[in-house]
Amino acid sequence: MDPYDIIDSLTIDTPKVDFNLFGLLKIPAFIILFANMLFALMMYLRVRILSDTFSSPDNKIVKTVILIHLFVTLIGSLISLLFVVLS
Amino acid sequence: MAIKEGPNKVPRKFRNLGKSFTEHLQGESSYFFMPFPKNLSFVGKDKDENVILVIRTHWIMYIRYLFIVLFIIIVAALISGISIVSENPSLLVSMWIVCILTCLSILVYGFIRWFYNVNIITDQRVIDLDFTSALSHSSSEARLERIEDVTHKQIGVLSSVFDIGTLYIQTAGAKAEIEFDNIPKPREVQDILYDLLESKQKGEI
């Protein structure tokens with residue numbers, strides 16, 4: 001038997017280890033985005049309760065801030081998810 | 001000493017008591033130390049109840065959130081330098097959006113925590129509202145006649161530089177004490193409370 005054939009038979013079926021670093025970087029991005037959205041929602045709900053417990057003239061500002069935060073987080077997360085999927 | 005006329009003018013009811021605490025309630029009002037606030041209410045407030053002082057934790061205690069944000073930005077900038085990320089524009093943009101959203105959440109959380117970590121002193125009671133996390137908050141209150149002891153502690157460099165400290169209000173019974181954490185002017189607040197307790201015991205308020 002030709003020695004080259006022996007070498008070929010040894011190397012052809014060697015399984016290739018494909019390490020995808022992109023995929024590895026996407027996982028924490030997904031987790032952080034999901035956690036951010038959940039956090040923004042929980043903050044909004046908590047502020048809604050607290051504004052009833054303690055009411056001051058500045059409550060409107062706080063409610064506006066938290067609503068803008070929720071809106072920006074949701075929109076930003078969706079855009080980011082789109083980029084993560086495209087990458 | 002003459003009482004100054006100002007936006008936080010001491011009501012006649014308290015001026016006539018002739019106590020020293022009214023002196024601490026004059027001067028500039030801030031979001032951290034707000035004497036006689038207007039249009040402020042809370043759950044269970046009686047109609048004839050006067051809010052004397054609203055105190056919030058000193059702003060220096062929230063400066064750590066800025067450091068956390070700075071740390072996240074530095075980490076994100078370092079990650080952007082890695083070739084595998086910098087060569088992929090979509091991944092780079094997405095990573096910076098994640099970074100900005102996280103920083104924004106931290107700053108908003110710090111602001112909300114500051115706003116709702118509030119301590120209220122009225123002529124009837126003391127209230128301690130704590131925003132502990134996005135998932136929990138707590139509220140403790142004690143009527144003035146139930147207060148047995150008021151102690152303040154100022155520990156550390158920050159307390160010396162910014163005149164901040166923690167006030168411990170011990171009430172009768174087995175109930176845990178109320179804490180006003182890292183408030184500005186703790187000695188003045190202690191004096192205010194002692195004068196109010198004395199007036200309450202004498203039936204003046």
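If you're wondering where the values come from, they're calculated on a predicted model, not measured in any experiment. Labels below follow one simple rule: chain letters A, B, ... track the order of the sequence lines, proteins then strands, and each chain is numbered from 1.
In this structure, chain B has a heavy atom under 4.5 Å from the side chain of A:Val65, while its backbone stays farther away. Looking at B:Ile127, neither its backbone nor its side chain comes within 4.5 Å of chain A, counting heavy atoms on both sides. At a 4.5 Å heavy-atom cutoff, the contact between A:Val72 and chain B is made by backbone and side-chain atoms alike. For a residue to count as touching a neighbouring chain, one of its non-hydrogen atoms must lie under 4.5 Å from one of that chain's; by this rule A:Leu50 touches chain B with backbone and side chain alike. Looking at A:Ile49, the atoms closer than 4.5 Å to chain B (heavy atoms on both sides) all sit in the side chain, from C-beta outward. No part of B:Ser139 comes within reach of chain A, as not one of its non-hydrogen atoms sits under 4.5 angstrom from that chain. Of the two parts of A:Asp58, the backbone and the side chain both hold a non-hydrogen atom closer than 4.5 Å to a non-hydrogen atom of chain B.
In this structure, B:Arg187 pairs ionically with B:Asp163, as a charged nitrogen and a carboxylate oxygen lie closer than 4.0 Å.
Heavy-atom pairs under 4.5 Å with chain A peak, among B:Val98, B:Asn39, B:Leu101, B:Leu40, at B:Leu101. When each of A:Thr73, A:Val62, A:Leu33 is scored by its heavy-atom pairs under 4.5 Å with chain B, the top score falls to A:Val62. The residue among B:Leu129, B:Val54, B:Leu135 with the most heavy atom pairs within less than 4.5 Å of chain A is B:Leu135. Of the residues considered (B:Leu92, B:Ile79, B:Ile100, B:Val93), B:Val93 shows the highest number of contacts with chain A, using heavy-atom pairs under 4.5 Å.
When all heavy atoms of B:Ser105 and A:Asn36 are compared, the pair lying nearest together is OG-OD1, 2.9 Å. When every heavy atom of B:Ala76 is checked against every heavy atom of B:Cys99, the shortest pair comes out as CB-SG, 3.7 Å.
A donor-acceptor pair under 3.5 Å is formed between the side chain of B:Asp123 and the backbone N or O of B:Asn50.
Ring pair B:Tyr109/B:Phe131 is tilted by interplanar angle, where 30° to 60° counts as tilted. Under the 30°/60° scheme for interplanar angles, the aromatic rings of B:Phe162 and B:His58 are found to be tilted.
Judged by a 6.0 Å distance limit and a 45° cone about the ring axis, B:Arg113 is not positioned over the six-membered ring of B:Tyr62.
Exactly one of B:Phe32, B:Tyr65, B:Trp59 qualifies for a ring pair (Phe, Tyr, Trp, His ring centres under 6.0 Å) with B:Trp114. That residue is B:Phe32.
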